[in-house]
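Here's the structure we're looking at; comments come further down.
For this chain, numbers begin at 1 and follow the sequence in order.
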Amino acid sequence: MLKIPFLDLPPLRGAAGTVRLPGSKSISNRLLLLAALAEGETRIEQLLDADDTAVMLEALRALGCAWHRGSDGSVTLRGLGGHLPVSAADCFLGNAGTAMRPLAAALALLAARDGGRYTLRGVPRMHERPIRDLVDALRGLGCQIEDLGQPGYPPLALCGPSPLRLAEPVRVRGDVSSQFLTALLLTLPLVAQQDVVIEVEGELISKPYVEITLALLARFGVQVQREGWQRFIIPAGSRLRSPGRLVVEGDASAASYFIALGALAASAEPVRIEGIGRDALQGDVRFADAAAAMGAEIRWLDHALEVKRGRWPLQGIELDCVAIPDAAMTLAVMALFADSPTRLTGIASWRVKETDRIAAMAAELRKLGAHVAEGLDWIEVQPLPAPAWQRAAIHTYDDHRMAMCFSLAALHPLAGAQPQALRILDPGCVAKTFPDYFETLFSLVQADPHDVPVLCIDGPTASGKGTLADQVAQRLGYAVLDSGALYRATALAAQCAGVSLQDEERLASLAATLPLHFDGGRCFLDDEDVTDALRAEAVGQGASTVAALPKVRQALHQLQLSFRRVPGLVADGRDMGTAIFPDSELKVFLTASAAKRAERRHKQLMEKGFSANITGLLRDLEERDARDKNRSASPLKPAQDARLLDNSDLDIEASVNQVLTWWSEGRPFPG
């Protein structure tokens with residue numbers, strides 16, 4: 001998961017491959033609450049592991065529900081049987097509406113019946129999301145609810161005891177959010193000593209989400225009677241009973257980004273999306289029909305679908321999105337690639353989501369150069385002609401769906417636009433529902449290698465370039481290439497295979513098939529972590545020897561080029577800016593005195609448990625510097641356009657900040 005202030009996406013030109021969807025947020029949080037309130041133990045498999053489910057689980061623990069996570073990611077909850085073992089709790093729910101609304105209903109009803117005081121709060125944006133209609137319905141039942149901030153919004157205190165009035169119908173508005181009705185449906189079985197009737201005032205929006213609720217209640221033994229979409233009856237004597245084991249289907253809203261990716265960019269091979277099928281509980285699965293109407297070729301399989309580009313450009317559509325409000329955001333970005341306007345209606349609920357999504361969508365589309373019109377419950381997007389695409393930094397408003405759907409705008413070269421980077425601000429906001437979204441996207445998309453940015457950090461042995469490269473890469477969300485590790489790994493592999501360091505032919509053959517990769521700052525040879533082994537003094541000396549062999553360097557050259565992948569690369573070594581990536585956007589040549597480098601290397605080796613002599617290290621560094629500067633193949637020297645950075649008296653943070661400052665100066669983004 002990316003935890004960085006911004007992510008620069010290079011221009012993207014294609015897509016193919018397979019994605020396995022995370023579990024549905026809507027289903028995950030409903031199941032967690034039902035399992036906690038029910039009788040018996042419930043094992044939930046393929047549960048979404050993200051911010052929204054994390055806050056729900058912590059709230060349930062605070063309320064006395066015991067649960068544990070299995071090694072396979074499943075969560076098993078011991079149900080409370082409708083009775084809380086604690087009479088007070090303070091629950092923080094972040095910005096998770098699927099946790100705030102139903103927990104408010106559950107705690108209000110249980111406090112009224114059994115007594116207690118429970119508070120619910122969240123992040124500042126949650127305190128701006130209306131809950132008045134649910135609160136009014138609960139107060140009408142006799143529940144005691146205190147506004148702890150602005151009336152009609154969280155935070156709330158749910159108190160009791162107080163007598164419940166269940167003889168008359170419970171009335172709730174349905175035209176702001178279906179979550180208010182869902183909250184009542186999920187929790188009223190706790191107090192249904194008699195038939196409990198819910199009447200919906202106004203037109204119910206997002207009916208498919210209510211269908212999810214009804215289907216899940218049925219799995220817990222509660223059969224709600226429905227009269228159209230205006231009247232719901234919870235039968236007397238209803239009790240929530242665990243079905244034992246449940247599997248969460250893939251998130252249909254998350255599928256929309258990959259369906260769109262296939263429709264826009266999968267011209268040769270399809271994008272395959274696993275974990276969802278036509279019979280999914282979630283209404284957002286119907287997004288596939290909207291994408292098909294715009295021109296996508298969609299093939300349904302068992303629990304999967306494959307998507308390819310069909311009609312091109314896409315065709316603009318006019319669509320009532322009341323059934324797919326979350327997924328509809330993706331259509332607004334797809335509209336940029338169409339040949340006629342796209343008008344989306346029935347999206348009033350966008351106004352009360354993680355942000356005002358109609359206003360946010362319009363503002364960010366305009367940054368890209370699009371003409372957009374908006375109303376209370378609609379948005380209309382004009383196609384974006386190739387010359388009009390603009391370089392932009394997309395503000396995401398702490399809204400996961402803004403970040404995910406706007407990532408598709410990086411495909412603008414497919415519309416004939418001038419290739420340029422796209423900046424996504426606060427990409428970590430996707431942790432709300434899909435923590436690994438960007439990593440998943442990177443595994444599917446294709447880019448021209450010359451469009452993928454590279455930042456090179458060269459310098460002599462023990463100058464600190466590896467540490468600097470790792471931290472710069474983390475701050476940018478880029479991959480890292482420690483080219484020195486390739487040579488050290490070649491020396492280590494030769495040592496293990498008994499190959500002489502003078503046998504250039506065999507060494508080159510070994511280097512050409514080196515199964516090396518980097519992950520989390522560690523270096524792996526096949527599946528073995530060799531990070532520490534590569535730092536041994538003998539291996540370092542061997543690396544210096546093999547690096548001087550032209551055939552070994554040639555064998556490793558292509559391997560190094562293959563690390564240039566979306567979204568970008570930070571490469572460190574001795575000739576990254578001169579021989580391997582001469583077209584890189586920034587070249588840094590790191591320097592420090594031999595004495596300072598020997599001191600650093602001595603400290604590093606001692607911390608790792610290796611014995612070392614600082615005098616010997618200094619002598620060795622001076623000898624290696626001389627060899628590296630005078631070798632015939634790619635001698636150590638700064639590239640002509642390199643920035644020189646002497647870090648003798650700089651700590652790592654100062655060095656990182658200097659490099660990032662240079663990087664930003666060369667990549668300006670309009671706000």
Side-chain angles (χ1 to χ4, degrees), residues 30 33-34 36-39 63 79-84 87 100-118 120 130-147 151-152 156-207 209-241:
R30 283 169 170 81
L33 182 62
L34 288 170
L37 297 176
E39 302 169 7
L63 293 168
L80 299 173
H83 293 276
L84 298 181
S87 59
M100 176 65 74
R101 277 70 179 269
L103 271 175
L107 295 177
L109 291 168
L110 291 174
R113 189 191 68 190
D114 302 328
R117 179 181 175 85
Y118 309 94
L120 298 178
I131 200 171
R132 181 186 301 275
D133 296 310
L134 176 60
V135 168
D136 287 347
L138 291 167
R139 284 173 173 157
L141 276 166
C143 298
Q144 295 182 33
I145 302 176
E146 296 177 14
D147 295 306
L156 302 172
L158 304 314
C159 312
S162 58
L164 290 172
R165 299 186 288 271
L166 300 172
E168 297 297 320
V170 184
R171 292 182 172 83
V172 63
R173 282 184 60 184
D175 56 353
V176 175
S177 173
S178 65
Q179 288 183 10
F180 302 150
L181 173 60
T182 279
L184 294 170
L185 289 169
L186 290 172
T187 56
L188 280 170
L190 296 171
V191 293
Q193 290 84 19
Q194 61 192 77
D195 285 359
V196 180
V197 177
I198 305 172
E199 292 183 350
V200 177
E201 298 177 345
E203 179 68 21
L204 178 63
I205 64 172
S206 305
K207 295 181 181 69
Y209 286 99
V210 178
E211 290 179 323
I212 293 174
T213 302
L214 297 176
L216 296 181
L217 279 166
R219 294 186 185 182
F220 280 82
V222 176
Q223 300 289 338
V224 178
Q225 301 167 23
R226 177 168 69 84
E227 298 175 6
W229 292 103
Q230 301 303 124
R231 184 179 170 90
F232 299 80
I233 303 170
I234 298 169
S238 292
R239 293 165 59 192
L240 296 170
R241 297 182 177 89

Which atom of G82 lies closest to which atom of L190, heavy atoms considered | CA-CD2, 3.7 Å
Pairwise side-chain contact, W229 with E211, heavy-atom cut-off 4.5 Å (strictly under) = yes
Nearest heavy-atom contact between Q230 and G202 is NE2-O, 3.4 Å
Return each pair, listed once, that meets side chain to side chain donor-acceptor pair (under 3.5 Å) where at least one residue sits in residues 100-111; pairs must be two or more places apart or across chains.
-> R101-Q179
Measure the spacing between CG of L188 and CD1 of I198 and express it to the nearest 0.5 Å.
-> 5.0 Å
Do the non-hydrogen side-chain atoms of P235 and Q225 ever get within less than 4.5 Å of each other?
-> yes
Verdict with supporting geometry, L186 and L37, side chain to side chain contact (heavy atoms under 4.5 Å, CB included) | CA-CA 10 Å; L186 290 172; L37 297 176; over 6 Å; no
Say whether, by atom type as modelled, one donor and one acceptor occur between the side chain of Q144 and the main chain of A112 under 3.5 angstrom.
-> no
Mind listing the closest non-hydrogen atom pair of L63 and Y118 along with its distance?
-> CD2-CD2, 3.8 Å
Is any side-chain heavy atom of R30 less than 4.5 Å from a side-chain heavy atom of F220?
-> no
Enter the distance from L216:CG to T182:OG1 here, rounded to the nearest 0.5 Å.
-> 9.5 Å
Are L134 and L184 side-chain neighbours, meaning at least one heavy-atom pair lies under 4.5 Å?
-> yes
Residues two or more places apart in sequence or in another chain: which of them pass side-chain hydrogen bond (donor to acceptor under 3.5 Å, both in side chains) with R117?
-> E146
Residue that, paired with E199, satisfies salt bridge (Lys or Arg N to Asp or Glu O under 4.0 Å) out of R231, R226, R173 | R231
What heavy-atom pair brings L217 and L240 nearest, and what distance separates the two atoms?
-> CD2-CD2, 4.0 Å
Closest heavy-atom pair and its distance - G152, D147 | N-OD1, 3.6 Å
Looking at R165 and R139, what are the two nearest heavy atoms and their distance?
-> NH2-O, 3.2 Å
Quick one: does L107's side chain get under 4.5 Å of L84's, heavy atoms only?
-> yes
Got a second to check how far S162's OG is from I145's CD1, nearest 0.5 Å?
-> 9.0 Å
dist D175:CG -> L204:CG (nearest 0.5 Å) comes out at 9.0 Å
Partner residues of E168 under the salt bridge (Lys or Arg N to Asp or Glu O under 4.0 Å) criterion, sequence neighbours left out = none
Point-to-point distance, once rounded to the nearest 0.5 Å, from CG of L138 to CG of D133 = 11.0 Å
Quick one: pull up CZ in R219 and CG in L34 and give me the separation to the nearest 0.5 Å.
-> 11.0 Å
